[in-house]
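Worksheet: the structure to be examined is printed underneath.
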Amino acid sequence: MTKARTNTEDYVRMYRQMVRIRAFEDNANQLYLSAKMPGLTHMYSGQEAVAVGICEALTDEDRITSTHRGHGHCVAKGASFLEMFCELLGREEGYCRGKGGSMHIADQAHGNLGANAIVGGSMGIATGAALSAKRLGRDFVTVCFFGDGATAQGLWYEVMNMAALWRLPVIYACENNGYSEYTKTEEIAAGSLTARAEAFGIEAHKVDGQDVLAVNDLARKLVERARRGEGPFFVELDTYRYHGHHVGDINRDYYRSKDEEAAWKERRDPIVNFGKWLESEGILTAEELVAINDEIRAEAEAAVAYALDAKYPDAGEVDMHVFAGVEHALPYIDGERT
Amino acid sequence: MTKARTNTEDYVRMYRQMVRIRAFEDNANQLYLSAKMPGLTHMYSGQEAVAVGICEALTDEDRITSTHRGHGHCVAKGASFLEMFCELLGREEGYCRGKGGSMHIADQAHGNLGANAIVGGSMGIATGAALSAKRLGRDFVTVCFFGDGATAQGLWYEVMNMAALWRLPVIYACENNGYSEYTKTEEIAAGSLTARAEAFGIEAHKVDGQDVLAVNDLARKLVERARRGEGPFFVELDTYRYHGHHVGDINRDYYRSKDEEAAWKERRDPIVNFGKWLESEGILTAEELVAINDEIRAEAEAAVAYALDAKYPDAGEVDMHVFAGVEHALPYIDGERT
Amino acid sequence: MTREITLAKAVNEAIAEEMRRDPTVFLMGEDVAEAGTPFKVLAGLVDEFGPDRVIDTPISEPGFVGMAVGAAMTGSRPIVDLMFGDFLYLVMDQLCNQAAKTHYMSGGKLKVPMVLRTNLGATRRSAAQHSQSLHALVAHIPGLKVAMPSSAYEAKGLLKTAIRDDNPVVIFEDKLMYQDKAAVPEEAYLIPFGEAAVLREGRDITLVATSSMVQVARQAAETLASEGISAEVIDPRTLVPFDEATIVESVKKTSRAIIIDEGHRNFGVTGEIASRISEKAFYHLDYPVQRMGAMDVPVPFSPALEDLTVPTPDAVAERARAAVRGELADAA
Amino acid sequence: MTREITLAKAVNEAIAEEMRRDPTVFLMGEDVAEAGTPFKVLAGLVDEFGPDRVIDTPISEPGFVGMAVGAAMTGSRPIVDLMFGDFLYLVMDQLCNQAAKTHYMSGGKLKVPMVLRTNLGATRRSAAQHSQSLHALVAHIPGLKVAMPSSAYEAKGLLKTAIRDDNPVVIFEDKLMYQDKAAVPEEAYLIPFGEAAVLREGRDITLVATSSMVQVARQAAETLASEGISAEVIDPRTLVPFDEATIVESVKKTSRAIIIDEGHRNFGVTGEIASRISEKAFYHLDYPVQRMGAMDVPVPFSPALEDLTVPTPDAVAERARAAVRGELADAA
Ligand SMILES: Cc1ncc(C[n+]2csc(CCOP(=O)(O)OP(=O)(O)O)c2C)c(N)n1
Ligand SMILES: Cc1ncc(C[n+]2csc(CCOP(=O)(O)OP(=O)(O)O)c2C)c(N)n1
Ligand SMILES: [Mg+2]
Ligand SMILES: [Mg+2]
């Protein structure tokens, strides 16, 4: 484990943020299993060090774009449990008033431009945000999160080319969790991912995505450099998802073994390992680690309880927010002047 | 000039094919300038060694896909002047009965799957043809021609990935003529084109696209290897277009200098240089070279004259060939049973 | 012999039968092999036909649809699985600029016999990018045929016809119906394109419904029947070609029509069908043709909102009652 | 003060004025800078605003449309130039899954104020992939506004409104009309969305025409006038929002209507407009609403064929005469 910060407050916050993600996902999973959550959702558990290591290197002004597996990014970028669970349950108090759901949570106030249900769909958005920053002379950096599977989308190559030509402050962060849905990465990705970015003249890095300090260390350097106009960058983060592709993907023996899953969980859990390191460095005691876990779990459960009782949006909202500046879309599109 | 073949017949055919392309284009340009050709068209002049060097390494069974700048590929793959000019003039005897025109000439009999007016639009088609060959156990190879500008289309990266994963018999031939429309390649392409292919594990080559023997030599080796299942391959061919982007692009000082144009024409003309070599090797005399030129020019002019008098398709053809197996599309889509 | 099988099974059988019959048919898409798609529609096919004919692709929709076009041009008959109909937007260029136009642009020389299987349908709580019904987009493009099965029976018969067709065909399955069963013959059969099915005869009003909305129309017709209103239910089965005659005949008899389709109402399928009827049965209409489509909003995630966006049997019945009573809301 | 300027110049002025007014507006697309596009519409803008605001892109339509979405979400107001309307297929995902839905999916938190400028129109001998009129596709998608200027005057006023709009707007220019002149005020003006223009008043029949077809309808109306038939010509100017009231009012007066649009007829714009009229003016119609769209074939290259695929003034006049005479071809 690389030592990236000497500030113990930062370490503790990173630990807390990882625990928050895990607690969020455990509750979300439970909601699904108990048939209280509409639709389905993709768990981030196992990948916490990626979102936290990177987002802890960002300010609220910095932007991220997220994916279908986006709860982790959302929490790491500063979102609150309450509005997130409300969103997952389709309630009015959710981040998107229940209109987006798990796959579309956005949190504008903290710079999260939104999860995306189109694999690779946010690569243009992230790059465009970086263009906007550069053009408007603002100094925010944008991080584009996506999975290994998303590297098969042509859009990525188009925007990498423009980002490289125009030196845009964007960081492409590929979370390589070894699978896209039920298929192993090596069956769907030829050659090398870092070489693909390098071919466009983009500096590329590979890092252990289970090591939050290593991720954070690299992220801080690259964010700083991107802010100075030395971007874009590409980072491939080696990681693993603990659950199925989505919450309903229970029997997965046919595409990956229980042994493989167990090995990652036992040896490379980002939270356990970082907790041990915090303890060994004397930053937190075993009791303090437990207390943090308990406190966060309680907070998550309270948020779930609140959200389960929260109000659904009114029927009248159904055609609101289709157009900015238009109250109700249906009369508007039929030409009723407002 | 590399010596690629010891067979003088082949040399002479390559020379003739290059002259045929130049003659075709000169006549097409003239048709446009004299307002006899509908629409507009993109001249291949200057790039002849690419099409000929590659297509002379192919059999009629082998497939190519072509581009908006496609007359050269079409001639090189074996098409006849008459049906080509008829197509350019929208006549019934054209390769596509006048329905395709310059940007869509296809010549199924010689394995030309068609020009394409969508930049990069044929990359999937070419790769799919290669998949078809492999799946059906047939041994044809497919060459996908495209320009430097087309490398900005995400589609290319998607199909390269699949071609590499499945070892498909396809060769991606990028004619780098330095420009996409009115923009220099370096302004729209970051990094290195060969590295982009290599990143997918695809063997990549660069060759002088003005040297027909060098092109042919490389092409023959790669076609042979692709046929044996060692593909895919990528080739970047350095070349130059003599005319404007299209026939109407007359004043082009604002994006490239007359000096630059003159330098290419004087020093690197693929036909002149190959003609000189044929002469110096004692394969053809100066008189024979002139005779070939004259004969081909006469043939082209005769074809133009024929095409100008040829019949337009009947009005009744307008809704034919929309669907295979359906005579007239209009009654068919309205449910009239046939 | 008929038995009841699910729509998923019907699709699976159609593909298996055609792959047995014709070695040039193959299948490609994301997670179609071992996983048999997330909907498990294709489960088992890879065991019979092997990974060489049931091909798992990377997440490259434009790429593999483009490859299907090229494969189709060179002797193969690809069936492409597009996991969600919402991804059609990604493949429009390959589908509409290439597949749809190749036969015409080549003056009839090149053929593109390929099938794009995808789906439609909301109320699965899948939000705006996994719930769209986008068949109107492709129905607008000359050179594509468009099929819309409304049950296991149609799903099998139309898909088999599609696979044998020498043209690009887009077929939309209702993703909410994959587990719904219907009677399907054991024996092989095909359903010709361009022949609407009259699913229920009636005198008072014609309900023209596509795909997912056929069930809705049938339920509405049941309700109406109990009230003494006799509704005829017609399923066009294919949008291109479109069996105008059967529908116009029906409306000439009933004098009233409602078109029900799960695509958005605005600039979609209902307008086309309604305007054909309004033109061709002009002097027979007692009431303006009514259109019911998905609400013109992105599909919301919240169940409280999503259910409001799709026509329901009650809403259809209510419209039908108004039509039969001759009550006009705002056509005064 | 008005003067006559070309449609190209009107577009150029609209952009220049808005770029002067608002530093967050910028322009991107292929060959928009020095070349000013192949149609020279944007000539000179790079000189005034520099390559930082008039940005030449690689040939990556999905990429730069996606970037426009992201730029719009973060304080910029991008105008994207899509060289040919036929390339819309390439950008549908970014436009329809992302730009159109972001505001709704975020519950109103994220805005996407961007303009996609593109074109339509056949008879330029550009064949099937450079001649399409694809506005029906985007008009079907909730969250997009769609404008269809029919002259230099509308082109300028609608584009300025589009640039100031806080939503994604797709605006289609007729590529054959770039050099056509019309009277355009010197003073700044905006044309609000959702307000149709009655271009000519008439009593006997209403011609609803969009974009390129407005000229065709006007010419037909001239011819008809000389025969004593008085045609009202209406240009909706925007498809989304759509000024239904003005058109329905007109048809209530004239009792007859023809819809003329250069998109394909099948499942396109004419069906939507015709069915709205048939519904809302039901009791006033003396004749079925007629639809005239581009022929449902890929656009052929040959001039001998291409000219047959687009409605002409003569064809419109002929339809109008039949309607006024009350002659039905096959609506018996
Ligand atoms: C364009 C598109 N194609 C397919 C899908 C279906 N899909 C959802 S997630 C997924 C796998 C994504 O893999 P990866 O990018 O590695 O992310 P991970 O799920 O591993 O986090 C697929 C194929 C989609 N949502 N969008
Ligand atoms: C998808 C698409 N975008 C833009 C165009 C317009 N266009 C036609 S040719 C061309 C330049 C192509 O450059 P390159 O690939 O280098 O080929 P070259 O013209 O140099 O042979 C462009 C932008 C197009 N036809 N298709
Ligand atoms: Mg993955
Ligand atoms: Mg070029």
Side-chain angles (χ1 to χ4, degrees), chain A residues 37-40 68 87-92 94 96-104 116-121 147-155 180-183 185 187-190 245-246 248-249 252 254-255 311-322 328-330 332-334, chain C residues 29-40 43 46-47 51 55-64 66 83-84 86-91 93-94 122-132 264-267 294-310 330:
Chain A
M37 192 180 64
L40 38 78
H68 59 285
E87 191 58 39
L88 255 62
L89 296 174
R91 313 297 163 128
E92 190 187 273
C96 311
R97 304 188 68 80
K99 282 179 167 162
S102 164
M103 289 202 288
H104 302 290
N116 209 305
I118 300 299
V119 166
D148 46 290
T151 62
Q153 287 281 332
L155 183 63
S180 62
E181 282 196 350
Y182 319 109
T183 304
T185 307
E187 289 169 33
I188 52 91
H245 169 61
H246 58 67
D249 171 25
R252 34 187 191 271
Y254 73 94
Y255 72 88
K311 173 176 172 315
Y312 282 112
D314 290 336
E317 277 218 28
V318 69
D319 72 337
M320 292 172 73
H321 309 123
V322 178
H328 289 284
L330 296 191
Y332 175 78
I333 65 174
D334 289 348
Chain C
E30 292 153 19
D31 282 315
V32 293
E34 282 72 26
T37 80
F39 300 101
K40 305 294 167 204
V46 71
D47 303 325
I55 305 175
D56 270 345
T57 63
I59 313 175
S60 303
E61 288 84 1
F64 63 74
M83 198 184 290
F84 282 87
D86 311 67
F87 309 158
L88 267 176
Y89 294 130
L90 284 161
V91 306
D93 177 63
Q94 292 299 312
T123 69
R124 226 175 133 255
R125 319 312 182 204
S126 304
Q129 294 173 342
H130 278 64
S131 307
Q132 295 167 83
H264 295 296
R265 179 208 52 156
N266 212 21
F267 296 98
M295 191 183 280
D296 291 308
V297 303
V299 179
F301 166 69
S302 183
L305 301 179
E306 189 182 24
D307 289 339
L308 305 171
T309 66
V310 177
D330 52 354

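None of these values were measured; they are calculated from a predicted model. Hydrogens, waters and symmetry mates play no part in the numbers below; they use all other heavy atoms, side chains included.
Only the backbone of A:L89 comes within less than 4.5 Å of a heavy atom in chain C; its side chain stays farther off. Looking at C:L308, only its side chain comes within 4.5 Å of chain A, counting heavy atoms on both sides. The parts of C:D296 that come within reach of chain A are both its backbone and its side chain, each placing non-hydrogen atoms under 4.5 angstrom from that chain. No part of A:Y255 comes within reach of chain C, as not one of its non-hydrogen atoms sits under 4.5 angstrom from that chain. Contacts of C:T309 with chain A are made by side-chain atoms alone, with heavy-atom separations under 4.5 Å and no backbone atom involved. In this structure, chain C has heavy atoms under 4.5 Å from both the backbone and the side chain of A:I118. Heavy-atom distances place the side chain of A:V119, and not its backbone, under 4.5 Å from chain C. With a threshold of 4.5 angstrom between heavy atoms, A:D314 approaches chain C through N, CA, C or O but not through any side-chain atom.
Of the residues considered (C:A33, C:A35, C:A127), C:A35 shows the highest number of contacts with chain A, using heavy-atom pairs under 4.5 Å. Most heavy-atom pairs under 4.5 Å with chain C: of the set A:A329, A:P313, A:G149, this distinction falls to A:P313.
In this structure, A:Y182 and A:H246 have perpendicular ring planes: the angle between them is above 60°, well past the 30° mark. The aromatic rings of C:H130 and C:F87 sit perpendicular, their planes meeting at an angle over 60°, well past the 30° parallel limit.
Side-chain atoms of C:T37 never come within 3.5 Å of backbone atoms of C:V32 as a donor-acceptor pair (strictly under, hydrogens ignored). Under a 3.5 Å cut-off, the side chain of C:Q129 and the backbone N or O of A:A117 do form a donor-acceptor pair. Within the 3.5 Å criterion, the main-chain N or O of A:T185 finds no donor-acceptor partner in the side chain of A:D148.
Remark: aromatic rings of C:F84 and C:F39 are close, center separation under 6.0 Å.
A salt bridge does not link C:K40 to C:D31: none of the charged side-chain nitrogens sits closer than 4.0 Å to a carboxylate oxygen.
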